[in-house]
Every structure is written in C-alpha cells, then in structure tokens.
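Everything on this sheet refers to the single structure shown next.
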There are 2 protein chains.
Amino acid sequence: MKTRDQGSALRKAPHFAPLYRQVRALLVQRIARGRWRPGELIPSEIQIAAELGVSQGTVRKALDEMTVENLLVRQQGRGTFVAQHDEARILFQFFKIVPDAGEPVFPESDLRSCLEAPADAAEAGHLGVKTGAPAIRIARVRSLAGRPVISEYICVSAALFPGMAADGALPNNLYAYYADRYGVTIAGGRERIKALPAAPEDAALLGLPAAAPVLLIDRVATALDGAPVEWRRSYCATEACSYLSILR
Amino acid sequence: MKTRDQGSALRKAPHFAPLYRQVRALLVQRIARGRWRPGELIPSEIQIAAELGVSQGTVRKALDEMTVENLLVRQQGRGTFVAQHDEARILFQFFKIVPDAGEPVFPESDLRSCLEAPADAAEAGHLGVKTGAPAIRIARVRSLAGRPVISEYICVSAALFPGMAADGALPNNLYAYYADRYGVTIAGGRERIKALPAAPEDAALLGLPAAAPVLLIDRVATALDGAPVEWRRSYCATEACSYLSILR
DNA sequence: CAGTGGTCTAGACCACGTC
DNA sequence: ACGTGGTCTAGACCACTGT
C-alpha cells in the first residue's frame with residue numbers, strides 16, 4: 001500500500017472529478033439533508049478521512065474549499081463547524097447596505113404583509129416553478145437607526161416553506177429562519193441593481209418625494225445545490241447610505 | 001535533515017507569518033516591481049522552491065492563493081503566468097454593468113477631456129496625497145451597443161502617471177494602460193453605489209430627461225500593495241442594463 | 001519524450017483550546 | 001495531557017502541453 005493504490009471506497013466510476021471534490025460533494029449533501037445542522041460541530045478531519053478511506057490531506061482540501069465558500073467555519077484547537085446565518089456573518093455576505101457615516105449595522109424590519117397566492121409568470125420564472133404554483137409574498141420595510149431605508153418585496157415557493165404564510169411572527173433575519181425552521185440554507189445568489197424613480201407606495205413608505213430616485217436591488221438567492229429559493233426586490237433610499245461592493 | 005528543520009533562508013525573524021505567506025509576499029513584490037510583467041511566464045514551482053529553499057508544496061500554496069486573488073493564471077502542462085488586464089478578464093472583475101438582454105460586452109469609450117490640475121480635498125483624500133498635489137482628471141462617456149450609458153469622471157495622481165495628461169490617445173481599457181505603460185497593476189477596489197438624479201451635464205451626455213435617476217458607482221481602485229491609485233465616479237443610465245453582483 | 005501543474009498520500013511538528 | 005486544525009515536507013502518480 002505504500003506506493004499508490006487509489007482503489008478506495010470512493011473513486012471508482014469513470015473517474016471524472018477529483019477525490020477531494022467527491023468528498024466535498026458528499027459533505028455538502030450531508031449538510032443539505034440536515035445530518036449536521038448550522039452551528040454544529042462536524043467530525044474531525046481524521047475521523048472523516050478514516051470513514052471515507054482517504055487521506056487527511058484530501059479531506060482537508062475539501063474542507064478548505066467549503067470554508068472559502070462560507071459553508072464551514074474552522075477554529076484551530078476546537079474543530080470545524082457548519083456555518084450559521086448569524087447577523088454578523090450575513091451583514092457582509094448578503095446585506096451590503098452600509099451607512100455613509102458610522103459602522104455597518106443589521107437593519108430592523110417592519111412586516112407589512114405575508115400572504116399566499118399563485119405565482120405569476122415572473123415569480124415562477126425566478127423560482128423555477130410552474131406559473132400558478134402556490135407562492136408566498138412578503139412585504140416589509142427595513143430601517144437603519146430608526147429611519148426607513150428599504151421597501152422590500154420577497155417571494156418564495158410555498159411548497160418549500162409550508163405553513164410560513166400562517167406564521168404571524170416572521171423574524172428580522174429571514175435566512176436564519178429558512179435554515180432553522182425548514183432546513184433550507186441560502187448559500188449564494190445574484191443581484192441586479194438599477195436606479196429608478198420610486199413608485200408612489202414605496203416613496204410614501206420611505207418618506208421620499210414622489211418619483212425620487214431609489215436603488216432597486218433585484219436578487220435571486222440560491223440553496224446549497226444552486227437551486228433558486230427566493231426572489232427579492234429591495235427599493236432602497238440612498239440619501240445616507242450606499243450599496244458596498246468589494247472588488248478583488 | 002529528514003525530520004523537521006525549518007531553518008531555511010526565509011523563516012527566521014520573529015516567525016510571525018507562515019512560510020507560504022512569506023513566499024507569497026516575495027512573489028507579489030517581484031510582480032509589483034516589474035521583474036515579471038503581466039502575461040509573462042514565471043518559473044516553475046520546482047524552480048521557485050529550489051531558489052527559496054522550501055518545498056514544492058509550500059510554493060504551491062502561495063501560488064494557489066495568488067491565483068484565487070486573480071494575480072496569477074495557471075495552466076496545466078504550460079506553466080504559471082502573471083494575470084493580464086485583458087478585456088475578457090476585466091469584464092467580470094471590474095466592469096459589472098451588463099445588458100438586461102444579450103451577452104455582457106466591453107464598452108466603447110469617448111474621451112471628453114484629460115487635464116492636469118491640483119487635487120482638491122476630496123480627490124486628495126481618496127488618493128492618499130496632499131491637497132494641491134498634481135492630479136490628472138479624465139472625463140469620458142462609455143457606450144454599449146452604440147448607446148451612451150455611462151458618464152465617467154476619473155482622477156489619479158500625476159506623480160504616479162507622469163506625462164499621462166499629455167497623451168492624446170488614452171485607450172479604452174485604462175487598467176491595461178496603467179499596467180503596460182506605468183507598471184501599475186490594479187488588483188482590487190471598493191465601490192459605493194447610490195441612486196440619484198442626474199446632473200444636467202450628465203443627463204445631456206446620456207440622452208436622459210433632466211434629473212432622471214442614475215446609478216452612481218463611486219470606486220477607489222487599489223494597487224497590488226493596497227495603496228489607492230484611482231478614484232472614479234461613474235454615472236450610469238440603467239434603463240436597459242444593470243449592475244451585476246454575485247453573492248457567495 | 002520531457003516538463004508543467006494537479007491530485008493524493010503519509011508523516012512530522014506547531015499553535016491553540018479544552019479538560 | 002490530549003485532540004483539533006495549521007503548516008511543512010517528501011515523494012508518488014496523473015493529465016496536459018509542448019517538442
């Protein structure tokens with residue numbers, strides 16, 4: 001067994017995909033299926049390596065990739081944990097509106113409505129469901145330092161989140177709610193940003209003059225497997241704050 | 001020498017910073033100082049390892065990090081190259097405006113002016129120079145598919161780019177020009193985005209009604225060492241295009 | 001064919017956190 | 001003292017690119 005072998009449990013089929021990617025895929029699947037929940041400690045590198053019959057270095061490479069993708073958090077001396085959607089983390093990963101003066105903070109939310117309705121064509125297209133499939137529509141206003149800054153419209157598939165429309169107490173941090181209550185982890189997304197005149201309703205909610213310029217952030221958020229989960233449109237007043245993007 | 005030693009050429013001083021980071025820092029410095037130019041092939045892992053007296057694995061870890069940071073491009077069987085600011089690469093890294101319909105394309109540019117002037121307080125603050133220091137101001141209009149879409153104001157330090165104001169033929173791709181002509185590699189940056197009414201001048205340039213909403217993209221771009229190099233404000237008409245941001 | 005990066009392994013030591 | 005992740009090394013084989 002010294003010099004090469006490679007006939008381990010994994011690594012047999014038409015050997016596309018390197019071993020560490022197969023390990024990674026397996027671990028992602030376990031997280032997605034709830035075997036380990038957000039915040040939980042997963043087995044050590046050595047244990048995983050022994051279980052799968054690969055070397056520690058291969059497991060490490062898989063874990064390193066997942067750490068870069070914000071799926072895991074590693075702590076020397078303690079172990080490796082499944083990433084959580086706590087506010088501090090979400091602040092930079094998903095909430096990029098920062099005040100022009102002062103520190104970034106997580107916004108407060110004021111829920112306006114949460115209703116179930118058949119998905120229209122646009123909603124169905126973004127969520128990857130059939131037109132007319134049951135959907136949940138949420139409207140809320142988010143504030144920074146007590147000032148309303150964002151009017152937000154969110155749509156998800158009711159099939160993925162049964163009973164959510166009836167929940168009278170939707171929390172501020174929705175992504176943590178998706179994860180804790182439904183085992184749906186938001187892992188990434190895509191945002192398209194435009195400038196346009198505020199609709200009358202949004203202008204009123206944000207305390208702006210009619211047709212004042214607002215930032216539209218049109219987001220589709222995706223789960224661990226890349227499937228679309230949420231379509232969100234945020235109309236944002238940017239008098240005293242900005243959307244922050246880091247280039248590298 | 002078999003079991004541990006670690007007294008190589010590097011790795012002596014108060015051993016903060018792991019070896020592979022020291023290797024990385026050295027290689028970044030060499031690129032920054034022009035020892036290897038963009039597009040050029042750098043020595044193989046084995047050669048670098050031998051030169052520095054470290055193992056191939058350590059060099060590899062340094063090169064891998066630099067590849068993730070878009071400083072290097074690796075090609076199996078060929079070698080490792082210093083990254084270039086070619087249009088295809090810049091398209092996703094620095095130019096995030098994409099048409100709502102059709103493929104992303106690199107914009108054409110129409111230079112309006114390029115003048116040297118003393119930096120005002122705002123310019124000096126963004127560029128890290130003293131107020132009144134010589135600066136170069138560029139104004140241009142950028143178009144997609146023949147339609148003017150962005151009115152852009154750029155400011156750099158004249159000390160970093162001597163003679164640039166006199167160059168009558170500034171190219172479309174400024175970051176490639178900075179690199180080729182002055183050895184200044186733009187490696188990252190930070191953008192703050194707002195929605196606001198277009199100034200009369202910009203509205204005219206973009207063919208918009210007075211005070212129509214435009215996207216302001218306020219960017220500070222930084223060199224390999226993290227020093228600010230360019231301050232750029234792009235006023236963007238987003239009727240038929242959007243700023244695209246990928247979350248992960 | 002030789003040379004390059006890509007993958008995988010095995011084992012050593014280090015730094016940190018916990019008991 | 002023990003277990004965890006973090007670093008470093010050494011060497012094997014694989015896959016690709018050039019000659």
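Within every chain, numbering begins at 1; the chains are lettered A, B, ... in the order of the sequence lines, protein sequences first and strands thereafter. Below, each value reflects all heavy atoms present in this structure, side chains not excepted, and no hydrogens, waters or symmetry copies. From a predicted model like this one, the values you see are computed outputs, not experimental measurements.
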Nucleotide [N], atom [atom2] - distance to [atom1] of [X] in whole Å:
| X | N | atom1 | atom2 | result |
| --- | --- | --- | --- | --- |
| Leu19(A) | dC13(D) | CG | P | 17 Å |
| Phe81(A) | dC16(C) | CZ | P | 17 Å |
| Arg21(B) | dC8(D) | CZ | C1' | 15 Å |

Nucleotide nearest Gln76(B) when distance is taken to its side chain, options dT9(C), dT9(D), dC16(D):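 That would be dC16(D).
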
What residues form a salt bridge (Lys or Arg N to Asp or Glu O under 4.0 Å) with [X], not counting sequence neighbours?
| X | value |
| --- | --- |
| Arg78(B) | none |
| Arg30(B) | Glu51(B) |
| Asp180(B) | none |

Test side-chain contact (heavy atoms from CB on, under 4.5 Å) applied to Leu127(B) - qualifying residues, sequence neighbours left out: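 With neighbours one apart ignored, the set is Val129(B), Cys155(B), Trp231(B).
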
By side-chain contact (heavy atoms from CB on, under 4.5 Å), which residues pair with Ile46(A), not counting sequence neighbours?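 side-chain contact (heavy atoms from CB on, under 4.5 Å) check on Ile46(A) returns Ser44(A), Gln56(A).
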
Spatial distance of atom CZ (Arg232(B)) from atom NE2 (His126(B)) [nearest 0.5 Å]: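 Answer for the CZ-NE2 pair, Arg232(B) versus His126(B), is 14.0 Å.
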
Calculate, to the nearest 0.5 Å, the distance between atoms CD1 and CZ belonging to Ile138(B) and Phe161(B) respectively.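 One gets 9.0 Å once the value is rounded to the nearest 0.5 Å.
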
Is the phosphate of [N], meaning OP1 or OP2, less than 4.0 Å from a side-chain N or O of [X]?
| X | N | answer |
| --- | --- | --- |
| Tyr20(B) | dT7(D) | yes |
| Thr80(A) | dG5(D) | yes |
| Arg78(A) | dG3(D) | no |

Just jot down the side-chain hydrogen bond (donor to acceptor under 3.5 Å, both in side chains) partners of [X], sequence neighbours excluded, or say none.
| X | result |
| --- | --- |
| Asp167(B) | Tyr177(B), Arg181(B) |
| Glu69(A) | Arg24(A) |
| Thr185(B) | none |

Please list, in numerical order, the residues of residues 56-75 of chain B that have a heavy atom closer than 4.0 Å to any atom of DNA chain C.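 Per residue number, the list reads Arg60(B), Arg74(B), Gln75(B).
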
Atom pairs and distances, donor-acceptor, side-chain atoms in residues 96-107 of chain A, under 3.5 Å, two or more places apart:
unit_1, atom_1, unit_2, atom_2, d
Asp100(A), OD1, Ser242(A), OG, 2.7
Asp100(A), OD2, Lys194(B), NZ, 2.5

Angle, rounded to 10°, between the helical axes spanning five pairs at each terminus of the helix from dC1(C)-dG18(D) to dT18(C)-dA1(D)?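 The value is 10°.
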
Heavy atom of residues 35-47 of chain A under 4.0 Å from DNA chain D: which residues?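 Within this stretch, Ser44(A), Glu45(A) sit under 4.0 Å of the strand.
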
